[in-house]
2 protein chains.
Amino acid sequence: MARTPAPGTRETILTAAAGLFYEHGVRAVGMAQVVEAAGCGKNLLYRHFPSKAELAAAYLALARRERERSATEALRWASGPREQLIALISEIADIVRRPGYRGCAFRNYLTEFRGEDDVAARAAKAYLDDTRAEVDRLVGEWGGDGLLADRIWLIINGLYAGPPSQAGVAVDWARELIEAAG
Amino acid sequence: MARTPAPGTRETILTAAAGLFYEHGVRAVGMAQVVEAAGCGKNLLYRHFPSKAELAAAYLALARRERERSATEALRWASGPREQLIALISEIADIVRRPGYRGCAFRNYLTEFRGEDDVAARAAKAYLDDTRAEVDRLVGEWGGDGLLADRIWLIINGLYAGPPSQAGVAVDWARELIEAAG
DNA sequence: TCCATGACGGACCGATCGGTCCGAGTCTAT
DNA sequence: ATAGACTCGGACCGATCGGTCCGTCATGGA
């Protein structure tokens, strides 16, 4: 008999928070800034996300969803595990080169909250573990050994850390590595 | 005609602050915790370091001094640029494997304060630029090309980011790479 | 039309932040 | 011995933190 809740509110708030968290870091951004960026009342924010920790966890969950969406999109036209691996790495390189790139959201969070073990930190670790397992799976699918997987993971880590200008080097090297091991 | 200032105070405070900053992050540590860990009065801390930003800058300067000391120590018994490069990387691997390792202090700071441009951030960037230039110099000294330097830098970045269990892979790979290019 | 509900802005809370200041005690040069 | 610099613990400051609450207004269903 009354008003219905606005439908997209949660997404609006989460998007605004995610932008701020990614750009400046979770610790550096206060809830007041999130409210201001979302253009809603503080009340509404806390109805959807009961604490900053849960908002941060939702931020990482959103980042993971976006990450997996664009990864599966990149893997769509790759046939076979080798091409998929190359596509995955070159897609990461695209992200690194994108203007406004501020590093890997999950690695950044684990650096900001190093030593802590809250929900978001566990989610970040889980994402990294899963991605590493995905690399292992793809490498193993065409007979590559553990050393190759380790080296590719090393390249991926360096790719995220390094300057965008070196992204091409990482992709080329990974491709060379993968094709040579075929 | 009065008391002389205690000699080692500044180092004591800085050491305590550096330990906390490195373990938990600069943003996560308050000045009260620094005072408590240093075992001194708050006003003494502020006499030696007029602000938290300057304390953070001093922390990075100390990290750089330690870093360069142990690097030159590692390079002492290496003859020729190739051996020096390998020694440098395996020394980084030793650091990564050390218990209590929490990542590269400079990369961590730039992640925590991303987008900001204070004294400490500039010092961190300068350290990374200088280290990268050192790699370029060592590679160029024995005729290696820019691509090789890029790849070694990629390995170093991945080495700092990756799990300690993969440090050996990075060192072996770098050695293989360097010796093959000889 | 009317009222129940959703949403907003902002006051407000205790805690903590970085930073200042002061009183009391301690040590040393004269 | 005594004065003056040094140091400590802690009170204190304004600002901001995360989080709660309330008064008011907008809105949509009955």
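Order of the sequence lines fixes the chain letters, A, B, ..., with proteins taken first and strands second; residue numbering starts at 1 for each chain.
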Base of D/dG9, side chain of B/Asn43 - is there a donor-acceptor contact under 3.5 Å?
yes
When the aromatic ring centroids of B/Trp173 and A/Trp173 are compared, is their separation below 6.0 Å?
yes
Between B/Arg175 and B/Asp172, does the salt bridge (charged side-chain N to carboxylate O under 4.0 Å, His left out) criterion hold? Intermediate values first, please.
CA-CA 5 Å; B/Arg175 179 178 287 119; B/Asp172 292 343; 3.7 Å; yes
How many whole angstroms separate atom CD of B/Glu36 from atom C1' of D/dG10?
13 Å
Quickly work out the B/Leu44 CG to C/dG23 P distance and round it to whole Å.
19 Å
Would you indicate what B/Val34 reaches in the nucleic acid, counting non-hydrogen atoms under 4.0 angstrom: base, sugar-phosphate, or nothing?
nothing
Counting only N and O atoms by type, is there a donor-acceptor contact under 3.5 Å from the side chain of A/Tyr59 to the main-chain atoms of A/Ala17?
no
Interatomic distance where CZ belongs to A/Arg47 and C1' belongs to C/dA7 [whole Å]
7 Å
Given atom CZ of B/Arg10 and atom P of D/dT7, what is their separation to the nearest angstrom?
14 Å
Round to the nearest Å and state the distance from B/Arg27 atom CZ to D/dC17 atom C1'.
13 Å
Could you state the atom-to-atom distance from CZ of A/Phe49 to P of D/dG18 in whole Å?
15 Å
Using a 4.0 Å heavy-atom cut-off across all strands, classify A/Val35 as base, sugar-phosphate, or nothing.
nothing
Using modelled atom types only, decide if a donor and an acceptor are shared between the side chain of B/Glu23 and the backbone of B/Arg102 within a distance under 3.5 Å.
no
Donor-acceptor pair under 3.5 Å: do we get one between A/Lys42's side chain and the base of D/dG19?
yes
Rounded off to whole Å, could you give me the CG-to-P distance for the B/Leu45 and D/dG10 pair?
16 Å
Do the non-hydrogen side-chain atoms of B/Leu62 and B/Glu66 ever get within less than 4.5 Å of each other?
yes
Interatomic distance, A/Met31 CE vs D/dT20 C1' [rounded to whole Å]
12 Å
C/dG19, D/dC8, C/dA7: which one has an atom nearest the side-chain heavy atoms of B/Cys40?
D/dC8
Among C/dA7, D/dG18, C/dG19, which is the nearest nucleotide to the side chain of B/Ser51?
C/dG19
